[in-house]
Chemist: 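Before we start, here is the structure in question, set down as structure tokens.
The chains referred to below are lettered A, B, ... by the order of the sequence lines, with proteins before strands, and numbering in each begins at 1.
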There are 2 protein chains.
Amino acid sequence: MKAIKIPDKTIARLSIYLRCVEELESKGTASISSTQLADRFGLNSAQVRKDLAYFGQFGIRGLGYYVTPLRHSLEEILGLKRAWNVALVGLGNLGAALAAYKGFQEKGFKISVVFDRDPDKIGRQIEGIPVMDIEAIASVVRKRKIKIGILAVPASAAQAILDAFVKGGVIAVLNFAPAQLTAPRSVKVQNVDLSALLKTLSYHIAQAERPTSSTP
Amino acid sequence: MKAIKIPDKTIARLSIYLRCVEELESKGTASISSTQLADRFGLNSAQVRKDLAYFGQFGIRGLGYYVTPLRHSLEEILGLKRAWNVALVGLGNLGAALAAYKGFQEKGFKISVVFDRDPDKIGRQIEGIPVMDIEAIASVVRKRKIKIGILAVPASAAQAILDAFVKGGVIAVLNFAPAQLTAPRSVKVQNVDLSALLKTLSYHIAQAERPTSSTP
DNA sequence: TAGATTGTTAATCGATTAACAATC
DNA sequence: TAGATTGTTAATCGATTAACAATC
């Protein structure tokens with residue numbers, strides 16, 4: 001009833017907390033305070049406590065947070081207690097790299113099918129993953145109950161692929177195409193524009209080199 | 001003197017505006033209003049005007065913004081009027097993909113040297129780019145006046161590489177390692193944690209499937 | 001019990017949006 | 001001139017931070 005809106009930034013920080021807590025656990029640390037946690041990332045301790053408090057009471061007053069239970073809670077909140085099948089579309093340089101990338105698998109995200117439109121690629125396998133025709137996206141994704149899609153296609157093709165994803169029941173998409181896509185509000189589209197990130201950096205350098213502005 | 005702080009979010013949006021303006025230009029559109037521009041991205045027209053106004057007066061009252069001059073201005077602001085040499089470290093799956101990725105080159109970012117610690121790779125070339133020993137990072141980067149670095153190494157190695165970058169004069173880094181790195185404040189570090197982005201998505205799905213919460 | 005740290009409310013800060021005089 | 005749209009100031013909104021009672 002009380003529709004408390006949890007900020008996207010809070011969710012993004014949960015991943016950071018999880019990473020930290022995993023490291024602490026492997027070192028055998030039993031507990032950590034919000035201040036210690038915050039200091040590691042240049043965050044504020046109140047922010048850490050508030051972020052966590054959106055989801056329940058995980059701490060112990062006077063002590064802090066027990067590391068292992070906190071890890072479990074964070075995994076539960078982030079939906080990491082289960083394995084996810086992921087569909088990848090586009091086998092260009094970036095797509096092929098993502099298919100081969102071990103990092104996803106380790107975190108429980110398994111790319112279980114790849115789509116491309118190149119007849120030379122369709123029917124083959126890459127890293128043991130079958131490559132299928134993009135025409136089959138909606139039906140395959142639906143049959144396999146895949147909820148997460150990755151778009152690694154040119155901007156011009158991205159919207160059509162997203163539409164196929166949505167048709168097949170995908171509700172979360174990681175989009176590497178530099179394009180503004182439209183989807184139903186229930187579908188979460190996370191854009192990652194690698195070139196745009198580099199442009200941000202070149203701004204920073206150009207700025208640093210500009211004689212007018214002093215570095216404050 | 002008046003140290004007006006320009007928000008990072010504004011800079012990120014400039015890239016988006018630029019992309020839009022490039023498209024308009026290729027279609028032959030002469031001018032666009034802030035409202036039209038905003039509508040394409042679900043932004044507010046005042047925000048578009050304010051973002052641009054940080055850098056000068058680019059519009060014409062009663063008309064809007066002329067597309068070609070605006071593109072030039074945005075390129076100038078973002079530091080895209082020149083080519084940038086970029087150093088890439090790490091030739092794993094992701095690093096190799098980035099080396100081969102055409103998108104960066106097209107936008108004026110040329111990966112001109114790659115570093116790895118694997119003796120089998122050192123001395124070879126990838127995509128025509130020389131592969132050198134990570135021990136040489138600081139000296140090579142300094143000699144070549146490279147200001148932008150990309151980190152595609154495991155988290156455990158990232159801080160040492162960043163230190164070498166800084167030593168060599170790099171002042172902007174795109175970091176794909178899931179690690180919290182420290183650098184002088186004059187160095188801009190842009191983190192991209194691909195696994196964390198997927199975790200954000202899995203949260204979204206877990207959330208959508210949770211019976212308690214209604215979709216507002 | 002004394003000391004520490006949480007969970008949470010209130011204050012602050014910064015970014016977004018509305019409104020409108022300036023002006024093409 | 002009339003209509004449109006900018007540049008900019010003021011109002012709003014949301015997120016961050018400070019403060020502190022609750023409590024381990």
Chemist: In whole angstrom, what separates A:Gln36's CD from C:dT6's P?
Modeler: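 Taking CD of A:Gln36 and P of C:dT6, I get 9 Å after rounding.
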Chemist: Could you check whether B:Ser34 gets within reach of a base, just the sugar-phosphate, or nothing at all, counting any heavy atom under 4.0 Å?
Modeler: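 Result for B:Ser34 = sugar-phosphate.
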Chemist: In whole angstrom, what separates B:Lys50's NZ from D:dT8's C1'?
Modeler: 8 Å
Chemist: Just N and O in the side chain of A:Arg13: are any of them under 4.0 Å from OP1 or OP2 of D:dA15?
Modeler: no
Chemist: Between C1' on C:dG7 and CD on A:Gln47, what's the gap in Å once rounded to a whole number?
Modeler: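 In whole Å, C:dG7 C1' lies 15 Å from A:Gln47 CD.
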Chemist: Give a yes or no on whether a donor-acceptor pair under 3.5 Å exists between the nucleobase atoms of D:dT5, that is its base, and the side chain of B:Arg61.
Modeler: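 Answer is no: no donor-acceptor pair is held.
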Chemist: Could you state the CG-P distance from B:Asn44 to D:dT9, rounded to the nearest angstrom?
Modeler: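 In whole Å, D:dT9 P lies 17 Å from B:Asn44 CG.
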Chemist: Taking A:Glu75 first and then A:Lys81, would you say they form a salt bridge - that is, a charged N and a carboxylate O separated by under 4.0 Å?
Modeler: yes
Chemist: When you check the side-chain N and O atoms of A:Gln47 and A:Asp51, is any donor under 3.5 Å from an acceptor?
Modeler: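 No, no side-chain donor-acceptor contact under 3.5 Å.
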Chemist: Name the pairing partner of C:dA22, where a pair is Watson-Crick or G-U wobble with both distances under 3.5 Å, or state none.
Modeler: D:dT5
Chemist: Below the 4.0 Å mark, does C:dT5 have OP1 or OP2 next to a side-chain nitrogen or oxygen of A:Tyr66?
Modeler: no
Chemist: Report the distance from atom CG of B:Asp51 to atom C1' of D:dT6, rounded to the nearest whole Å.
Modeler: 14 Å
Chemist: Roughly how many Å is it from NZ in A:Lys9 to P in C:dG14, rounded to a whole number?
Modeler: 12 Å
Chemist: Do A:Arg19 and A:Ser15 meet the criterion of a side-chain donor-acceptor pair at a distance under 3.5 Å?
Modeler: no
Chemist: Answer yes when A:Glu76 and A:Arg82 have at least one side-chain N-carboxylate O distance shorter than 4.0 Å, and no when they do not.
Modeler: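 A salt bridge is absent here (no side-chain N lies under 4.0 Å from a carboxylate O).
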Chemist: Which part of the nucleic acid, if any, lies within contact of A:Phe58, taking any heavy atom under 4.0 Å across all strands shown: a base, the sugar-phosphate backbone alone, or nothing?
Modeler: sugar-phosphate
Chemist: Choosing from C:dT6, D:dT17, C:dA15, which nucleotide comes nearest the side chain of B:Pro7?
Modeler: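 The closest nucleotide is C:dA15.
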Chemist: Is there side-chain contact between B:Leu201 and A:Val173, with heavy atoms separated by less than 4.5 Å?
Modeler: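 No, side chains not in contact.
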Chemist: Could you tell me the separation between the CD atom of A:Gln57 and the P atom of C:dT8, rounded to a whole number of Å?
Modeler: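 Between P of C:dT8 and CD of A:Gln57: 5 Å.
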Chemist: Take atom CG of B:Asp39 and atom C1' of D:dT5, then tell me their distance rounded to the nearest Å.
Modeler: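 Rounded to the whole Å, the gap is 14 Å.
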Chemist: Can you work out whether A:Arg49 or B:Leu52 has the more 5'-proximal nearest nucleotide on DNA chain D?
Modeler: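 By nearest-heavy-atom nucleotide position, the 5'-most residue is B:Leu52.
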Chemist: Scan A:Thr35 against the nucleic acid and name what it touches under 4.0 Å (heavy atoms): base, sugar-phosphate only, or nothing.
Modeler: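 Since no nucleic acid heavy atom lies under 4.0 Å of A:Thr35, the category is nothing.
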